[in-house]
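Atom set for the values below is all heavy atoms of this structure, side chains included, hydrogens, waters and symmetry mates excluded. Note that the numbering runs from 1 along the sequence shown for the chain. Please read these numbers as outputs of a predicted model, since none were measured by experiment.
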Amino acid sequence: MKLHKFNIIVLLLIAPFLLLSCEDFVEVEAPDNKLVQDVVFSSDATAKSAMIGIYNQLFLAAFSNGERSSVTLLAGLSADNFRNINTTNIVRMEFEQNQLVPDNDSNLDIWSSAYNTIYMTNAMLEGLHNSEAITPELEMQLEGEARFVRAFTYFYLVNLYGDVPLILSTNYRENQLAVRNPSADVYIQILEDLQIAMDLLPIDYINEERTQVNKFAATALLARVYLYLEDWEQAETLSSQVINETSKYELLSEVNDVFLANSKEAIWQISPIGGGGLITNTNEGSIFIIDPIFSFFAAIQLEEEFVEVFDETDRRYINWIGYNEGIDAYFAFKYKIWSSTEFPIEEYSMVLRLAEQYLIRAEARARKGDLSGGIEDLDVIRERAGIALVSESNPGIVQQELLDKIFEERRKELFAEWGHRWLDLKRTGRAEEVLGANNPLWESTDLWYPIPAEERMKNPNLSQNSGY
């Protein structure tokens, strides 16, 4: 994996608006980081700037930026919600057809940008630990934020690749030859980071901006992690803590307000300000919206089969799905702004939101046999969507049927957000049944992305996933 010169990384951290990408940094020999650490962690102000730089980098980093090499787009293609408009784009077609090869450039972008983010969080944690200049309260907050971002990044790595190297320091000699750790060990670290983050992070948002995480962001992500680990009790308990925080969060009745900056449904968002102030629209808006005039720029459309799963009266169908008549294509329309340089910024990229917590709790309750509780949570989502309530249309629903309804609602509610459909198909064992039915090339080994060939050339200790 790429490990870049420490002082260049720190320049990125303390200059949040620099238009620099991690992929542009030159690889060098052992970083001399002592002097730079002394500067960055010499005051509360510079330490805060370093953390803001990490958040801003999430708008630039390939895996998290919502653009062409993001988890949102590529994992969406791996599932059955998206398809490519331009079938000659081999890189993206490999994701759509579940025929990835190890030298796929976008797959490398996901991996390398995620590990660059982890490297920055490790540098942040080491700097905080070695500094005596940061006030204790701020040190706790920044540690919580850095641990959260690290856990968040590892969550996607372990769910896309399976076993991955667990890098917890900036020691380049150790890291450049790191082996893949079992996914169970990675999950242990994710749990530890999030549990510590919950203890350290403040309850309130800093400056009322939902772009810096608080205690409930860590709680929400931890609820998701426990759902994936099939710890239904913990998933229910933690999602309930977020849902019950009604002074901060609410399921908005107007679906077009959900993705606005600092909406009350948002638990954590990423701001376009990370792009340096040159653009003020989200990358999701620019990649998914098919502009009526500039439709020739369009790259992605929604699968018609997916569009057909919605009732025509569903508010999400009416408001979150657009149609371009010129090229006969449906598109994700959760974000309304295709291009903007205007301030104030109207939309932030959504990462965690309250609707997911209701769906997490609905599934956890249903798995535990609490069908009435699962129906109640599912109906909160369905009522907002304006479709028939399960409690009225099918009050005697059995467990598996209820779980099927929950998975269907997850698909409809969370499409075009962070690859939820792909990860749901994988974790529930449905990928082969759903994707293999329409793909004669499907193999069970397609569940995991390949370890990038370029990384394995640099690190002979990196093993490859089966099937590649």
Side-chain angles (χ1 to χ4, degrees), residues 1-2 4 12 19-25 54-79 81-120 149 152-161 164 270 272 274-276 278-279 281-289 297-302 331-332 335 338 349-351 415-423 446 448-456 458 465 468:
M1 66 201 62
K2 295 182 180 179
H4 304 296
L12 177 65
L19 295 178
L20 298 176
S21 166
C22 281
E23 278 68 41
D24 295 329
F25 297 147
I54 292 176
Y55 286 121
N56 287 343
Q57 182 62 16
L58 291 173
F59 183 77
L60 299 172
F63 89 99
S64 57
N65 67 7
E67 251 282 1
R68 294 172 187 259
S69 291
S70 67
V71 170
T72 290
L73 178 58
L74 298 178
L77 283 170
S78 293
N81 289 349
F82 297 156
R83 64 186 174 94
N84 288 291
I85 292 174
N86 180 4
T87 58
T88 62
N89 187 304
I90 302 302
V91 170
R92 287 202 301 273
M93 286 300 296
E94 287 178 6
F95 284 89
E96 180 183 330
Q97 297 172 345
N98 304 114
Q99 294 298 301
L100 276 174
V101 296
D103 62 356
N104 181 287
D105 289 341
S106 288
N107 182 54
L108 174 63
D109 288 343
I110 292 175
W111 176 281
S112 60
S113 65
Y115 272 106
N116 285 334
T117 301
I118 289 167
Y119 183 79
M120 287 189 285
V149 174
F152 171 78
T153 308
Y154 269 123
F155 173 83
Y156 284 99
L157 283 170
V158 78
N159 277 287
L160 294 177
Y161 298 97
V164 293
I270 295 174
L278 298 180
I279 63 169
N281 58 277
T282 65
N283 287 323
E284 292 89 346
S286 66
I287 194 70
F288 290 134
I289 294 173
F297 284 129
I300 302 297
Q301 63 181 319
L302 293 175
F331 59 90
Y335 300 92
W338 180 62
S349 297
M350 188 70 74
V351 189
F415 77 94
E417 295 180 52
W418 288 91
H420 280 285
R421 174 66 171 173
W422 172 240
L423 300 188
D446 295 332
W448 301 110
Y449 290 173
I451 308 303
E454 182 176 322
E455 299 299 321
R456 297 190 66 227
K458 291 185 292 187
N465 281 324
Y468 299 100

Q.
Students often mix this up, so state it plainly: with edges at 30° and 60°, are the rings of Y156 and F152 parallel, tilted or perpendicular?
A.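 Perpendicular: the ring planes of Y156 and F152 meet at over 60°.
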Q) Taking the inter-plane angle between the rings of F63 and W418 on a 0 to 90° scale, is it parallel (under 30°), tilted (30 to 60°) or perpendicular (over 60°)? A)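 Perpendicular, since the angle between the ring planes exceeds 60°.
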Side chains of [X] and [Y] in contact at under 4.5 Å (non-hydrogen atoms):
X    : Y    : answer
W422 : L77  : no
I85  : F331 : no
D446 : Q99  : yes
Y115 : V164 : yes
F288 : T72  : yes
L74  : L160 : no

Please round to the nearest 0.5 Å and tell me the distance separating atom [atom1] of [X] and atom [atom2] of [Y].
X    : Y    : atom1 : atom2 : result
I90  : S106 : CD1   : OG    : 12.5 Å
S349 : L58  : OG    : CG    : 10.5 Å
Q57  : S64  : CD    : OG    : 7.5 Å
L108 : E454 : CG    : CD    : 5.0 Å
R68  : D105 : CZ    : CG    : 14.5 Å
I54  : I118 : CD1   : CD1   : 11.5 Å

Residue pair [X] / [Y]: nearest heavy atoms and the distance that separates them:
X    : Y    : answer
Y335 : M350 : OH-N, 2.8 Å
A416 : A332 : CB-CB, 3.8 Å
A114 : T153 : O-CG2, 3.4 Å
V91  : F95  : O-CD1, 3.3 Å
Y449 : A75  : OH-CA, 3.4 Å
T117 : A61  : OG1-CB, 4.1 Å

**Q.** From CA spacing to verdict: side chain to side chain contact (heavy atoms under 4.5 Å, CB included), Y161, I110
**A.** CA-CA 11 Å; Y161 298 97; I110 292 175; 3.7 Å; yes
Are any side-chain N or O atoms of [X] and backbone N or O atoms of [Y], one a donor and one an acceptor, separated by less than 3.5 Å?
X    : Y    : result
N98  : S78  : yes
N465 : P450 : no
N84  : N86  : no

(Q) For L73, run the side chain to side chain contact (heavy atoms under 4.5 Å, CB included) check against N283, N65, I300 and tell me which one passes. (A)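 Answer to the side chain to side chain contact (heavy atoms under 4.5 Å, CB included) test with L73 among N283, N65, I300: I300.
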Q: Check ring-ring contact (aromatic ring centres under 6.0 Å, His included) between F59 and all other residues, then give those that pass, not counting sequence neighbours.
A: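 Per chain and number, F59 pairs via ring-ring contact (aromatic ring centres under 6.0 Å, His included) with no residue.
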Q) Who passes salt bridge (charged side-chain N to carboxylate O under 4.0 Å, His left out) against R92, sequence neighbours left out? A)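 None.
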